[in-house]
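Notes follow once the structure below has been shown.
Just so we're clear, the structure is a prediction, and the values are computed from it rather than from any experiment.
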Amino acid sequence: MRVKPSKLFLLIPLAFLLVFFYVPLASILKTALWENGFTLRHISAVLANDYHRRVIVFTIGQAIASTLLTLALGLPGAYIFARYDFPGKRVIKAVLTVPFVMPSVMVALGYILLFGKSGIITGLIGRDPGILYSWKGILLAHAFYNFPIVIRMVSSLWQRINPHYEEAAMALGARGWTLFRKVTLPMISPAIFASAMLTFVFCFLSFSIPLIIGGYRYATIEVDIFTSIMVLLDFKTGSALAIIQILLSMGFMYLYLRALDSYAKREEQRVFRRPVPFTRRDWLSVKGLLVGVYSLIVFVFIVSPLLAVLYDSLRFSGQWSLEWYRRIFSTEYNPMFGATTLDAIRNSLTFGLATVVLSVLVALPIAYALHRWNFRGKRLFDVLVMLPLASSAITLGLGYIRVFHTTPLYFTAWIIIAAHTVIAYPFVLRAVSTSLKKIRPNLFEAALSLGAREWKAFLRVELPLALGGVIVGAIFAFAMSIAELGATYMLAKPEYTTMTVAIYKFLGARQFGSASALAVLLMAVSTLAFMVIERVGEEVW
């Protein structure tokens with residue numbers, strides 16, 4: 001039987017995933033489940049331990065609560081952006097969606113500067129609000145981080161609701177809450193569910209925010225795995241925890257993919273509702289008051305952490321100054337992380353660009369196979385290639401330590417780039433897949449009927465039309481790479497310190513001014529990347 005060259009091309013990304021994701025995953029399974037034969041002793045020990053059981057329950061509980069809080073904060077915003085037009089709408093939407101591409105360590109820094117014992121809000125109200133180092137801080141920071149997902153997904157679908165359905169319901173007497181509950185809500189529910197599931201997965205796998213804001217008292221499974229491996233050097237317990245986490249993540253990821261399918265079908269609707277202007281009269285009504293209160297809440301919890309980091313970076317000994325920036329770039333300054341700031345910036349940019357190239361090369365053939373071919377087990381294949389999205393950076397780092405610690409790859413830049421690619425490529429895959437679904441099939445068929453081969457029709461017809469999705473995916477891969485902390489911290493030698501790792505180490509040394517200055521530079525890079533995404537105008541989720 002002759003195999004088409006295009007199908008052989010798929011083997012390259014699959015081989016990459018096999019070596020750099022599934023083999024490390026299998027190593028974790030072996031560590032926890034094999035000891036002179038198959039055993040469940042280590043998993044049973046974890047489940048029987050009060051502390052680990054409490055950590056697992058807390059991880060799921062905080063993910064559910066964070067998701068509900070994110071929906072509560074995001075849905076009113078999605079409604080406003082979908083239904084109304086007002087000056088600066090595009091800029092405000094871009095600013096509100098920037099947090100998603102911010103490094104989580106920077107989010108944690110912003111919350112420390114706002115709600116810490118010496119924080120800005122603490123100073124304004126005269127007492128500790130009790131947010132930092134508590135479960136409340138974790139929920140708020142997760143809402144900050146995932147708020148853009150709800151805004152973008154739900155508002156995008158809300159704009160596509162055919163107004164004829166609501167007009168027909170109104171003609172039959174439906175108004176207000178009844179109209180929303182019986183007509184609007186069922187139509188936007190795929191976007192609500194898909195955004196909720198994606199938020200839940202991110203909160204479930206969150207590492208930096210629970211570690212920095214929650215501490216060990218409010219540890220999640222990620223923090224527990226990290227502590228077991230990096231502090232206690234207990235690989236058996238770390239692997240058992242990783243297996244429990246992966247099994248739960250696979251279930252959540254399956255639900256997310258099902259929800260995403262339903263969302264994508266609804267999102268294909270070409271009907272766009274024209275937003276109505278939010279007039280001065282609206283601002284002076286109860287509606288305007290509610291929008292004002294909502295804007296204030298969003299400003300305090302979503303925008304102000306970013307502004308707090310910028311403010312702190314410009315204050316030195318109570319004066320406005322660029323001293324923190326001078327210090328992090330000064331050759332006289334001797335940072336504790338084993339590399340200069342310029343080295344950290346160079347490492348972040350190098351790893352980011354390499355991740356972009358590899359992620360696109362891995363994602364493109366897989367996206368094409370999912371888009372163009374029908375085969376038995378396609379749903380399972382989709383789940384397996386998206387599984388890296390449901391596995392954490394800490395679990396990946398653990399697998400790499402187990403598999404590569406005796407190979408020349410260990411402690412090299414290549415192992416970090418491979419880890420970043422595995423973490424980032426699902427975003428490229430999803431962005432490209434979404435773009436390919438929007439292309440009319442008859443264009444591809446027309447190219448075939450004119451004599452073009454399958455691969456040539458894809459490269460010459462479909463890929464140029466899907467280029468926006470490729471660019472968006474590539475930029476997200478870059479943002480993911482420069483924001484990555486867990487795997488980089490576990491695998492990088494001091495000379496491969498990145499900006500995110502450096503910020504984390506500055507935070508650990510309580511050098512908030514240096515951390516803020518470096519975080520502002522990182523924020524500038526992330527914001528620039530997001531502006532390009534906004535310019536291209538494609539949705540990645």
For Lys287, all residues meeting salt bridge (charged side-chain N to carboxylate O under 4.0 Å, His left out), sequence neighbours excluded: Asp282
Got more than 12 heavy atoms from elsewhere within 6.0 Å of CE, Met250? no
Can any side-chain N or O of Ser134 pair as donor or acceptor with the backbone N or O of Ile131 at less than 3.5 Å? yes
Phe204 vs Phe252 aromatic rings, parallel, tilted or perpendicular, using cut-offs 30° and 60°? perpendicular
Any Val201 side-chain heavy atom under 4.5 Å of Ser249 side chain: no
With a 4.5 Å heavy-atom cut-off, do Asp234 and Ile229 have their side chains touching? no
Tell me if the aromatic rings of Phe278 and Tyr84 count as close, with their centers under 6.0 Å from one another. yes
Taking the six-membered ring for Trp and the full ring for Phe, Tyr or His, determine whether the centres of Tyr145 and Phe202 are under 6.0 Å apart. no
Kindly indicate whether the side chain of Arg53, heavy atoms from C-beta on, has any atom under 4.5 Å from the side chain of Leu47. no
State, yes or no, whether a side-chain contact exists between Ile188 and Tyr79 at a heavy-atom distance under 4.5 Å. no
Check whether the side chains of Thr67 and Thr70 place a donor and an acceptor atom closer than 3.5 Å, and report yes or no. no
Do Ile482 and Met499 have side chains that get closer than 4.5 Å, going by heavy atoms? no
Rounded to the nearest 0.5 angstrom, the CD1-CG distance for Ile394 and Asp224 is 11.5 Å
For Thr227, enumerate each residue passing the side chain to side chain donor-acceptor pair (under 3.5 Å) test, keeping only those at least two apart in sequence or located in another chain. none
With under 30° as parallel and over 60° as perpendicular, where do the rings of Phe427 and Phe476 fit, or are they tilted in between? parallel
Do any N or O atoms from the side chain of Glu484 and from the backbone of Ala487 form a donor-acceptor pair under 3.5 angstrom? yes
Shortest non-hydrogen pair, Ala65 vs Leu139, comes out as CB-CD1, 3.7 Å
For the pair Ser359 (side chain) and Thr355 (backbone), establish whether a donor and an acceptor sit closer than 3.5 Å, ignoring hydrogens and angles. yes
Sequence neighbours left out, what passes salt bridge (charged side-chain N to carboxylate O under 4.0 Å, His left out) with Arg346? Give chain and number order. Asp343
Using residues 55-64 as the side-chain source, report each donor-acceptor pair under 3.5 Å to any protein atom, sequence neighbours left out, with the distance given to one decimal.
unit_1	atom_1	unit_2	atom_2	d
Thr59	OG1	Val55	O	2.7
Thr59	OG1	Ile221	N	2.9
Gln62	OE1	His142	ND1	3.1
Gln62	NE2	Thr59	O	3.1
Gln62	NE2	Cys203	O	2.9

Does the ring pair (Phe, Tyr, Trp, His ring centres under 6.0 Å) test come out yes or no for Trp324 and Phe512, once each step is laid out? CA-CA 10 Å; Trp324 291 119; Phe512 294 135; 9.9 Å; no
Closest heavy-atom contact between Ile416 and Tyr496? CD1-CB, 3.9 Å
Determine whether Thr220 and Phe226 make a side-chain contact, defined as any pair of heavy atoms from C-beta on separated by less than 4.5 Å. no
Only pairs under 3.5 Å count here: list side-chain donor-acceptor contacts from residues 103-124, not counting sequence neighbours, and write none if there are none.
unit_1	atom_1	unit_2	atom_2	d
Ser104	OG	Ser208	OG	3.2
Tyr111	OH	Leu140	O	3.2
Tyr111	OH	Phe301	O	2.9
Thr122	OG1	Gly116	O	2.6

For residues 312-324, the salt bridge (charged side-chain N to carboxylate O under 4.0 Å, His left out) pairs (sequence neighbours left out) are Glu323-Arg326, Glu323-Arg327
